[in-house]
Amino acid sequence: MGQRRKYAVNLKINEIQITHVVIDSHYEIAHGDSINDDIILDIVQLLNGLNIDPEKVVGKFQYFKSEPLHLNDMSYRLIWLLEDSQLYIGVANAFRRS
Amino acid sequence: MSQSKKHKAMSANDISWPSEAELAKVRAELSADDVMGSSILSPDATALEKFKYKLCELILIYRRKSGLKQKELAQLLGIDESRMSEILHYKIKKLSSDRLQEHAQRLYPNIKFDATAA
């Protein structure tokens, strides 16, 4: 599969019903030894039900930075995005902090 | 390839995605330590931490629904912008529950705070 992979989910973020997670393969370049799509999908679940402001808005994309995200005694950072009027959350980068 | 072993991956060709140039710029900017980022409650958060987090969330929701900019809401609440940013980023360790309650009551005059013994 190519640069991005899409998975079905059922989440609510910023009052938006999210139906898919799209994961950019960029994280594999530097962090592939400590994180993978399964971990990212588990981390994204931690955003369920939350209301979060974007750090940056560029056109129709809002960009967010969330950390620390705790999973199995590890701590992660997520750089993610939402697109106006769309129901997916995009993962631009993800890595383990500790 | 780090594709999920537990979930079925689908093609994302139908998703319009930011350009690689834009993403590279955003990743660099947001990865900087001086970009605060939003905190998430830890799994072992105390009742007080959960309470403060909820108050921050109410203030954030107010800002979003009112359309006020961060600076304007800070002025409304009589606080400086850095404190406003800490609230909107859920930096609860730096925030007192008393002040958060005051801010929430200012924005939601009919707000009620309950305590329930376990």
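Looking at B:I40, the atoms closer than 4.5 Å to chain A (heavy atoms on both sides) sit in the backbone and in the side chain alike. In this structure, chain A has no heavy atom under 4.5 Å from any part of B:N13. In this structure, the portions of A:Y63 lying under 4.5 Å from any heavy atom of chain B include both its backbone and its side chain. Only the backbone of B:K8 has a heavy atom closer than 4.5 Å to any heavy atom of chain A. Within the 4.5 angstrom heavy-atom criterion, only side-chain atoms of B:E29, from C-beta onward, approach chain A. With a 4.5 Å cut-off on non-hydrogen atoms, B:L30 touches chain A through its backbone and its side chain both. When heavy atoms are compared at a cutoff of 4.5 Å, A:Y88 approaches chain B solely by way of its side chain, counted from C-beta outward. Only the side chain of A:L81 comes within contact range of chain B, with heavy atoms under 4.5 Å apart. For A:F64, the part lying near chain B is the backbone, with the side chain staying farther off; criterion is any non-hydrogen pair under 4.5 Å.
At a heavy-atom separation below 4.5 angstrom, chain B is approached by A:L41, A:D42, A:L46, A:L47 within residues 41-48 of chain A.
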Exercise for review: Verify side-chain hydrogen bond (donor to acceptor under 3.5 Å, both in side chains) between A:N51 and B:Y90, making sure each step is shown before the conclusion.
Suggested key: CA-CA 10 Å; A:N51 284 282; B:Y90 298 97; 5.6 Å; no

Practice item. List the steps, then state whether side-chain hydrogen bond (donor to acceptor under 3.5 Å, both in side chains) holds for A:H20 with A:Q86. Key: CA-CA 10 Å; A:H20 291 88; A:Q86 298 299 314; over 6 Å; no

Review point. Can B:R64 and A:N14 be said to form a side-chain hydrogen bond (donor to acceptor under 3.5 Å, both in side chains), step by step?
Key: CA-CA 10 Å; B:R64 182 189 297 155; A:N14 287 351; 3.0 Å; yes

Exercise for review: Report the C-alpha distance between A:V91 and A:H26 in whole Å, list the side-chain angles of each, state the deciding distance to 0.1 Å, and finish with yes or no for side-chain contact (heavy atoms from CB on, under 4.5 Å).
Suggested key: CA-CA 9 Å; A:V91 176; A:H26 172 84; over 6 Å; no

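Options B:D14, B:V26, B:L23 differ in how many heavy-atom pairs under 4.5 Å they form with chain A, and the most are formed by B:V26. Ranked by heavy-atom pairs shorter than 4.5 Å toward chain B, the options A:L50, A:I35, A:V21 are led by A:L50. With chain A as partner, the option from B:Q70, B:E57, B:E22 having the largest number of non-hydrogen pairs under 4.5 angstrom is B:E22. Of the residues considered (A:F95, A:F61, A:Y27), A:F61 shows the highest number of contacts with chain B, using heavy-atom pairs under 4.5 Å. Between chain B and the options A:L71, A:D24, A:I23, A:I79, the largest number of non-hydrogen pairs under 4.5 Å is found for A:D24.
Using modelled atom types, one side-chain atom of A:Y7 and one backbone atom of B:S4 make a donor-acceptor pair closer than 3.5 Å. Checking side-chain atoms of B:E49 against main-chain N and O of B:T46 turns up a donor-acceptor pair under 3.5 Å. Remark: side-chain polar atoms of A:K65 are paired, donor with acceptor, to backbone N or O of B:V35 under 3.5 angstrom.
Annotation: side-chain contact (heavy atoms from CB on, under 4.5 Å) contacts of A:M74 (sequence neighbours excluded): A:Y76, A:R96.
No continuous path of ILVMFWY side-chain contacts below 4.5 Å connects A:L11 to B:I15, so the two sit in separate hydrophobic clusters.
Counting heavy-atom neighbours within 6.0 Å of A:D84 CG, excluding the residue itself, gives a total above 12.
For the 3.5 Å distance criterion, the side chains of A:E28 and A:N36 fail to qualify, holding no donor opposite an acceptor.
Counting only heavy atoms from C-beta outward, the side chains of A:I52 and A:W80 approach each other to under 4.5 Å.
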